[in-house]
Amino acid sequence: ANGKDINLQTTGKLSILSVGDSFTRLKAENSSPGTEIKFDSNWKFGTTLGGLTIGKTTNTYDITLSNSITTTGPISVYGGAITLGVGSYLTTSSGDISLIAKNGFSTAAISGTTRSSITTGTGNLHINADADNNNSGTLDIDWLTLNSGTGNILLEAAGYSWSTFSSVTSPEIYGTGALTIRSVSS
């Protein structure tokens, strides 16, 4: 490792929470408050986490998930804006996945053919891009595959924006549960 890796491998549930309502910084190398926390390849979560929570419902700091995360239980992420990195995977075998953003949800891909994916085995998948209902959160799921297995998928946002230009960029949605796309507003 490069000396900057953060190894968090357990079979228990892991919560990464701010002391106050919202994050201000997370890694020591971030010497001054910024606007984003990036969970990149330095973060090593393993594949046996019993669940993962990042942030509190009051968090307004942006969260970028640039590394694949696999758990056996629920995954919950709360942020200002949430970005899923190119080729990143969020996977749980039996829990729900909830990505709750106040200022938008997007994928980092802007070109190429590498897709990201969010997959549950039996759990529900919920993405809310405007959790504070202030009409600022856009859901952009280009280059993203959503698969809820036998669970339901709920997509919420003030606005929706994704490309249908080609099968590479278009979102792909799979599962045997219900699909609900709902507008939220104040």
Side-chain angles (χ1 to χ4, degrees), residues 2-10 12-46 49-71 73-92 95-110 116-118 124-144 146 154-162 184-186:
N2 60 15
K4 295 182 180 181
D5 288 350
I6 300 169
N7 291 294
L8 302 166
Q9 299 184 27
T10 179
K13 293 181 180 177
L14 174 65
S15 295
I16 301 172
L17 307 173
S18 58
V19 173
D21 288 343
S22 187
F23 290 114
T24 56
R25 64 179 149 253
L26 195 55
K27 289 186 184 179
E29 66 196 45
N30 296 338
S31 60
S32 62
T35 59
E36 171 190 35
I37 294 173
K38 183 178 265 188
F39 290 90
D40 55 19
S41 61
N42 292 121
W43 290 84
K44 312 292 186 203
F45 292 109
L49 280 177
L52 176 65
T53 299
I54 298 173
K56 298 177 180 177
T57 59
T58 52
N59 184 39
T60 58
Y61 217 67
D62 296 347
I63 304 289
T64 298
L65 304 168
S66 295
N67 197 12
S68 296
I69 299 171
T70 300
T71 70
I75 299 173
S76 299
V77 179
Y78 302 93
I82 297 174
T83 302
L84 187 60
V86 176
S88 296
Y89 296 87
L90 297 180
T91 306
T92 179
D96 295 341
I97 296 179
S98 299
L99 305 172
I100 311 299
K102 292 175 174 49
N103 296 313
F105 174 89
S106 64
T107 58
I110 57 171
S116 298
S117 74
I118 303 172
N124 297 319
L125 195 160
H126 179 199
I127 302 174
N128 187 336
D130 193 28
D132 59 1
N133 295 326
N134 70 354
N135 295 320
S136 69
T138 299
L139 183 72
D140 182 350
I141 54 176
D142 290 335
W143 287 279
L144 183 61
L146 303 173
L154 172 59
L155 305 175
E156 298 179 291
Y160 295 87
S161 173
W162 58 73
V184 295
S185 63
S186 55

Heavy-atom pair of closest approach, residues Ser116 and Gly85: OG-O, 2.6 Å

Taking the side chain from Asn59 and the backbone from Tyr78, do they hold a donor-acceptor pair closer than 3.5 Å? yes

First locate atom CZ of Phe23, then atom OG1 of Thr60, and finally report the distance between them rounded to the nearest 0.5 Å. 10.5 Å

Using 0.5 Å steps for rounding, measure from the CD1 atom of Ile127 to the CD1 atom of Ile141. 6.5 Å

Polar side-chain atom of Lys56 near backbone of Gly20 as donor-acceptor pair, under 3.5 Å: yes

Using modelled atom types only, decide if a donor and an acceptor are shared between the side chain of Tyr160 and the backbone of Leu155 within a distance under 3.5 Å. yes

Donor-acceptor under 3.5 Å (Thr53 side chain, Ser15 main chain): no

Looking only at atom types and distance, does a side-chain atom of Asp62 sit under 3.5 Å from a main-chain N or O of Ala81, one as donor and one as acceptor? yes

Partners of Ser88 by side-chain hydrogen bond (donor to acceptor under 3.5 Å, both in side chains), sequence neighbours excluded? none

Ala108 versus Val86, closest heavy-atom pair with distance: C-CG2, 3.8 Å

Determine the minimum heavy-atom distance between Asn135 and Val184, stating which atoms define it. OD1-O, 3.8 Å

Are any of the side-chain heavy atoms of Thr57 and Ile100 separated by less than 4.5 Å? no

Going by atom types alone, do Asp140 and Ser161 pair a side-chain donor with an acceptor below 3.5 Å? no

State, to 0.1 Å, how close Ala158 and Ser136 come at their nearest heavy-atom pair, and which atoms those are. CB-N, 4.2 Å

Donor-acceptor under 3.5 Å (Thr107 side chain, Asp142 main chain): yes

Side chains of Ser98 and Asp96 only: does a donor on one sit below 3.5 Å from an acceptor on the other? no

pair Leu84-Leu99: side-chain heavy atoms closer than 4.5 Å: no

How long is the span from the OH atom in Tyr89 to the CG atom in Leu65, to the nearest 0.5 Å? 14.5 Å

Could you tell me the separation between the CG atom of Asp130 and the NZ atom of Lys102, rounded to the nearest 0.5 Å? 10.0 Å

Of the options Thr83, Ile54, Ile16, which is the one that meets Ile63 in a side chain to side chain contact (heavy atoms under 4.5 Å, CB included)? Ile54

Just how far is it from atom CZ of Phe105 to atom CD1 of Ile118, taken to the nearest 0.5 Å? 4.0 Å

Measure the spacing between CG of Leu90 and OG of Ser68 and express it to the nearest 0.5 Å. 7.5 Å

